[in-house]
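Residue numbers begin at 1 in each chain, while the letters A, B, ... track the order of the sequences.
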Amino acid sequence: SISERFSSIFDKLRYGGALTEDNIREGLREVRRALLEADVNVDVVKEFLDKCTAKAVGEDIVKGVEPGQQVVQIVHDQLIELMGESDTEIPFAKNGPTVILMAGLQGSGKTTTTAKLAMMLLGMGKRPMMVAADLQRPAAIEQLKILGEHVGVPVFHESGMTPPELCAKALKHAEGDNRDVILLDTAGRLHVDDQLMDEIADVSKRTKPTQTYLVVDSMTGQDAVNSAKAFNERLEIDGVIFTKLDGDTRGGAIVSLRHIVGKPIKFIGVGEKIEAVQPFQPDRYARRILG
Amino acid sequence: IGQGRHIDQDFLDELEYRLLAADIGVAKTEAIVAEVQQRYKAGELAPGEELLDLIKRSLRNELEESLPEELNWAESGPTVVLVVGVNGAGKTTSVAKLAKRFKDLDKKVLIAAGDTYRAAAVEQLEIWADRVGVDLIKQKTGSDAAAVAFDAVAAADARGADLVLIDTAGRLHNKEHLMRELEKVRRVIQKRVPAAPHETLLVLDATAGQNAIQQAKLFDASMGITGLILTKLDGTAKGGVAITIKRELGLPVRFIGVGEGMDDLQPFEPDAFINAILG
Ligand SMILES: Nc1nc2c(ncn2[C@@H]2O[C@H](COP(=O)(O)OP(=O)(O)OP(=O)(O)O)[C@@H](O)[C@H]2O)c(=O)[nH]1
Ligand SMILES: Nc1nc2c(ncn2[C@@H]2O[C@H](COP(=O)(O)OP(=O)(O)OP(=O)(O)O)[C@@H](O)[C@H]2O)c(=O)[nH]1
Ligand SMILES: [Mg+2]
Ligand SMILES: [Mg+2]
């Protein structure tokens with residue numbers, strides 16, 4: 001753990017002296033390694049450590065607490081601050097149905113997460129509907145329809161339209177069926193695929209989503225920032241959902257995206273079953289990454 | 001990067017940054033940077049050679065080209081290829097791509113819908129089988145994955161197929177019961193064809209970070225992985241974890257996925273891979 005890696009560097013220091021920039025930097029080198037190994041983005045790590053260094057320099061060593069432990073505390077506190085407050089509410093639309101647009105790279109877990117949110121919304125007394133707007137992946141529509149049957153939520157799909165047209169039509173259909181939350185499942189796409197990024201921007205323009213959620217695989221490495229920035233530029237993300245946290249990844253992309261996109265991490269996927277979704281707890285996660 | 005012949009701190013910082021950004025990992029990055037410095041000091045930079053070539057050589061030593069025959073073909077009978085990996089990595093699509101590639105090379109190919117768990121997994125591969133023009137062995141969702149695998153190998157044997165590609169359900173490597181299920185699939189296949197599976201290919205998403213190493217370790221420990229398919233390299237992720245996986249586990253990349261179509265599979269070429277990392 002990060003705490004253990006510190007003690008060897010700092011236990012040579014005596015009480016009563018200040019932490020110097022040199023011994024802080026050396027200790028933070030260990031933190032840097034740990035954060036990079038945990039897949040936190042290299043630029044985010046640099047900014048984060050600069051902030052920790054600034055905080056730590058000149059702090060007097062508190063008697064009775066090992067200097068290394070004090071730096072660990074600073075790192076811990078700064079990480080908690082970076083992770084921000086818990087924000088797991090879905091702000092529903094004041095008038096008319098709430099539209100939730102699901103976006104992300106291929107295979108990140110959008111379709112499964114759409115069904116998970118639908119189930120959650122049912123449990124909250126809502127009348128959700130899902131829209132099968134992935135016209136590209138083989139059997140994507142079928143996949144969402146099967147999930148819809150499991151959850152007991154209708155799935156809207158009509159052929160012969162582009163995804164933006166389909167989503168716009170879905171909104172009309174929802175009105176007629178008295179649905180108050182509409183979840184738009186979209187095709188996975190690369191942020192460097194201009195045509196597909198234009199397409200999802202068009203879906204957004206036509207449906208004016210109440211919430212746009214970026215669905216990200218928690219095992220993502222350094223590239224997380226690249227795709228998140230691009231999606232955020234085109235779509236104005238309201239929140240991020242990290243999937244597959246039932247795995248053993250440290251999930252450093254969570255730190256990166258919280259810092260870079262600046263939007264809350266709303267939910268996490270913790271399994272393949274439709275019940276496997278939880279609200280995101282920032283402090284619990286900070287412990288996972290520092291562990 | 002590396003234009004010119006002089007090493008300074010700026011150069012070392014830029015090199016470190018590129019390698020880290022490519023998911024090469026901090027330990028491996030430090031090792032490569034140290035190696036480049038050492039070779040430079042030892043005068044290994046040939047006259048007229050750029051620093052960039054020195055870096056490329058360091059990286060190139062870590063990697064292996066894909067096999068000339070592309071697969072470890074069976075001595076006799078059908079070659080059985082099991083395709084495994086975590087959820088969403090690109091297994092099903094890669095099975096379709098492999099089927100297309102070897103069908104185009106005039107092999108008789110059979111594919112098997114070994115994911116009997118996920119919604120519409122069988123339907124997804126059915127559509128691919130139809131598009132590629134190969135036969136599909138399947139049972140309905142909810143049936144036993146090992147039974148499908150057994151049927152597929154038996155059918156391949158009976159029909160004189162050259163190659164049978166078995167898709168499996170996505171599973172996280174830390175889920176012991178799912179890894180046991182996969183081991184069972186292998187044992188059942190072996191009952192029918194003792195030398196099978198001739199290849200067990202681990203499909204890795206190029207966007208995956210250091211956790212990919214853990215994936216490779218555990219799938220290898222369970223199944224014996226013979227090679228990797230690194231997918232989604234048409235994005236901006238560089239898949240640098242492949243270097244550590246090769247170094248620590250000896251597992252080579254055989255193919256890369258560069259898109260969602262049936263032709264978007266290429267044999268692994270280390271030089272192109274390295275050039276993409278170094279920009
Ligand atoms: N273990 C685990 N698996 C998950 C989780 N979320 C999704 N999955 C699995 O990840 C795989 C991909 O999920 P999908 O919902 O198809 O992903 P997608 O983003 O819709 O994929 P595309 O539409 O192709 O871009 C499936 O096998 C899911 O069952 C999770 O939280 N935990
Ligand atoms: N851009 C790109 N997308 C890919 C590539 N390979 C697969 N995909 C996409 O990634 C998504 C997931 O692919 P699948 O083949 O369903 O992945 P899987 O491993 O079988 O998923 P599960 O069976 O759910 O575990 C699909 O949208 C594919 O089209 C690739 O090389 N490039
Ligand atoms: Mg989907
Ligand atoms: Mg699959």
ask   = Are more than 12 heavy atoms from other residues, nucleotides or ligands located less than 6.0 Å from atom CZ of A:R284?
value = no
query = Among A:N226, A:D43, A:N41, A:L147, who wins on heavy-atom pairs under 4.5 Å with chain B?
reply = A:D43
message = Is it the case that atom CZ in B:R247 sees more than 12 heavy atoms from other parts of the structure closer than 6.0 Å?
response = no
query = Can any side-chain N or O of B:N174 pair as donor or acceptor with the backbone N or O of A:D246 at less than 3.5 Å?
reply = yes
task = Provide the closest heavy-atom pair for A:A139 versus B:A120 in the form atom of the first, atom of the second, distance.
result = O-CB, 3.7 Å
message = Any heavy-atom pair between the side chains of A:Q143 and B:R118 that's under 4.5 Å?
response = yes
ask   = Side chain, backbone, both or neither: which part of B:E260 has a non-hydrogen atom closer than 4.5 Å to chain A?
value = side chain
Heavy-atom side-chain contact between B:L172 and A:E272 under 4.5 Å = no
query = Looking at A:D217, A:D39, A:D248, which one forms a side chain to side chain donor-acceptor pair (under 3.5 Å) with B:N211?
reply = A:D248
inquiry  = Is B:K238 in contact with chain A via its backbone, its side chain, both, or neither, using a 4.5 Å heavy-atom distance?
reply    = neither
ask   = Should the pair B:E30-A:R29 be classified as a salt bridge under the 4.0 Å nitrogen-to-oxygen rule?
value = no
query = Among A:T249, A:V192, A:T243, A:D193, which has the most heavy-atom pairs under 4.5 Å with chain B?
reply = A:T249
key: Student check: side-chain heavy atoms of B:Q124 and A:R137 closer than 4.5 Å   = yes
query = Which pair of heavy atoms, one from A:R32 and one from B:L20, lies closest together, and at what distance?
reply = NH2-CD1, 3.6 Å
key: Close side-chain approach of B:T236 to A:H191, heavy-atom, < 4.5 Å   = yes
message = Using every non-hydrogen atom in the two residues, find where A:I146 and B:A119 come nearest and quote the distance to one decimal.
response = CG2-CB, 3.8 Å
inquiry  = I need the minimum non-hydrogen distance between A:L36 and B:Q210, along with the two atoms involved.
reply    = O-CG, 4.3 Å
key: Passing candidate, side chain to side chain contact (heavy atoms under 4.5 Å, CB included) with B:T207, options A:D223, A:L190, A:V216   = A:D223
key: Partner chain A: residue of B:G170, B:A237, B:G25 with the largest heavy-atom pair count (under 4.5 Å)   = B:A237
ask   = Would the number of heavy atoms belonging to other residues, nucleotides or ligands and lying under 6.0 Å from NZ of A:K229 be above 12?
value = no
key: Interface moiety of A:L105 toward chain B, non-hydrogen atoms closer than 4.5 Å   = side chain
request  = Heavy-atom distances under 4.5 Å only: say whether B:Q215 touches chain A with side chain, backbone, both or neither.
outcome  = side chain
query = Of the backbone (N, CA, C, O) and the side chain (C-beta and beyond), which part of B:V86 lies under 4.5 Å from a heavy atom of chain A, both, or neither?
reply = side chain
request  = Tell me, for B:A27 versus chain A, whether the close heavy atoms (under 4.5 Å) come from the side chain, the backbone, both or neither.
outcome  = both
request  = Check whether more than 12 heavy atoms from other residues, nucleotides or ligands sit under 6.0 Å from atom CD of A:Q195, and answer yes or no.
outcome  = no
ask   = If you round to the nearest 0.5 Å, how far is CE of A:M219 from NE2 of B:H173?
value = 7.5 Å
task = Using side chain to side chain contact (heavy atoms under 4.5 Å, CB included) as the criterion, point out the one residue from B:T92, B:D130, B:I127 that pairs with A:P138.
result = B:I127
